[in-house]
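Here the structure is laid out as structure tokens; the discussion comes afterwards.
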Amino acid sequence: MHHNDFRLLTLGRLALVHGPSGEEVPGCQRRKLALLAYLALAERPIARASLVEMFWGDEEEERARHSLSNALWFLRHTLGPDSITSRRADISLSAEAGVLIDAAELLDAAKRGDYARVAELYAGPFLEGVYIPESDTFEQWVSSRRTTLELAFTKACASGCGAAASRRDWAGCAA
């Protein structure tokens, strides 16, 4: 697998796919993919302790740190050895990972005013059905992201429909 062939689907479902056919990467557990989504959408490196607390806060500390290390090993093994950057106590998804994230693409399309692309990308709520036991921090993050993405989708639909209606393109408006 080439590392830049990956796409992380977070809208409507959670999956890591690769290649032109969009084949799902085997062995991806939801928590590891949720961690990947969090790292991929983070605007700066995240403290290792924060990741342990957010994703494994319900476990004993030693086990939780081991679980994070295991998840990071899995992501490096899957995406490529340079995909995850660890500096001191901070972790980030490397730019070299080359993973496309549908949520980031949607927000980028919304900024460009590409409403058709926004509507095409929106396949449902962000991280729908993904739950991390006893992690209020994760739930708050998901809720905030979900609201932002749904708002971008709603605005895109309203703008796209308005433009179609001004052209009397009723089928386009309905779509």
Side-chain angles (χ1 to χ4, degrees), residues 1-43 45-46 50-52 54-59 64 67-86 91-111 114-154 156-157 175:
M1 283 182 255
H2 294 90
H3 67 279
N4 58 355
D5 288 343
F6 289 98
R7 184 172 171 82
L8 182 62
L9 304 175
T10 61
L11 299 168
R13 69 182 182 131
L14 179 59
L16 183 63
V17 298
H18 68 89
S21 65
E23 181 181 330
E24 214 167 307
V25 175
C28 293
Q29 297 172 347
R30 292 174 83 75
R31 195 176 307 214
K32 290 174 184 171
L33 291 181
L35 172 64
L36 176 59
Y38 188 72
L39 291 172
L41 295 171
E43 296 177 7
I46 307 297
S50 296
L51 294 173
V52 166
M54 180 180 278
F55 290 95
W56 292 278
D58 61 329
E59 295 181 10
S67 294
L68 174 61
S69 294
N70 181 18
L72 294 173
W73 176 89
F74 173 82
L75 293 174
R76 282 184 182 110
H77 179 75
T78 302
L79 302 173
D82 299 325
S83 59
I84 304 291
T85 304
S86 299
I91 307 222
S92 61
L93 183 67
S94 168
E96 288 82 47
V99 177
L100 296 175
I101 302 104
D102 59 356
E105 287 182 276
L106 184 144
L107 292 174
D108 185 52
K111 281 182 193 171
D114 186 349
Y115 304 126
R117 182 70 176 142
V118 171
E120 178 186 328
L121 285 165
Y122 191 80
F126 178 71
L127 296 187
E128 186 173 37
V130 177
Y131 173 75
I132 304 295
E134 298 181 37
S135 182
D136 292 340
T137 313
F138 180 78
E139 289 302 315
Q140 290 167 2
W141 176 74
V142 168
S143 178
S144 173
R145 285 285 174 166
R146 189 173 286 160
T147 299
T148 300
L149 291 158
E150 287 173 353
L151 184 60
F153 173 66
T154 303
C157 289

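One-based numbering along the sequence shown.
Looking at heavy atoms from C-beta onward, Leu11 lies in side-chain contact with Phe126 at the 4.5 angstrom threshold. Looking at Leu100 and Leu8, their side chains never come closer than 4.5 Å, going by heavy atoms from C-beta outward.
Shortest non-hydrogen contact noted between Leu106 and Ala152 is CD2-CB, 3.8 Å. Ser92 and Pro45 make their closest contact through CB-CA, 3.9 Å (heavy atoms, listed as atom of the first residue, atom of the second, distance). Closest of all the heavy-atom pairs between Ala103 and Leu149 is O-CD2, 3.6 Å. Of all heavy-atom pairs between Ser86 and Arg76, the closest is OG-NH2, 2.8 Å. When all heavy atoms are compared, the tightest approach of Cys28 to Phe74 is SG-CZ, 3.8 Å. Nearest heavy atoms, Ala156 versus Val118: CB-CG1, 3.5 Å.
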Q | Chi angles and distances behind the side-chain contact (heavy atoms from CB on, under 4.5 Å) call for Leu39, Leu51 | A | CA-CA 9 Å; Leu39 291 172; Leu51 294 173; 4.1 Å; yes
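With values rounded to the nearest 0.5 angstrom, Ser69 atom OG is found 7.5 Å from Ile91 atom CD1. Remark: Ser94 OG to Leu75 CG distance equals 12.5 Å, nearest 0.5 Å. For the atom pair CD1 of Ile101 and CG of Leu9, the computed distance is 10.5 Å after rounding to the nearest 0.5 Å.
Applying the side-chain hydrogen bond (donor to acceptor under 3.5 Å, both in side chains) criterion to Glu24, with sequence neighbours excluded, gives Arg13.
No donor-acceptor distance shorter than 3.5 angstrom exists from the side chain of Arg145 to the backbone of Leu127, with no hydrogens or angles considered. Under the 3.5 Å distance criterion, the side-chain polar atoms of Asp102 are matched with a main-chain donor or acceptor of Thr10.
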Indicate every side-chain donor-acceptor pair of residues 29-38 with a distance under 3.5 Å to a residue at least two apart or in another chain.
from, atom 1, to, atom 2, distance (Å)
Arg30, NH2, Gly129, O, 3.2
Arg31, NH1, Phe55, O, 2.4

Atom pairs and distances, donor-acceptor, side-chain atoms in residues 134-144, under 3.5 Å, two or more places apart:
from, atom 1, to, atom 2, distance (Å)
Ser135, OG, Met54, O, 2.6
Ser135, OG, Phe138, N, 3.2

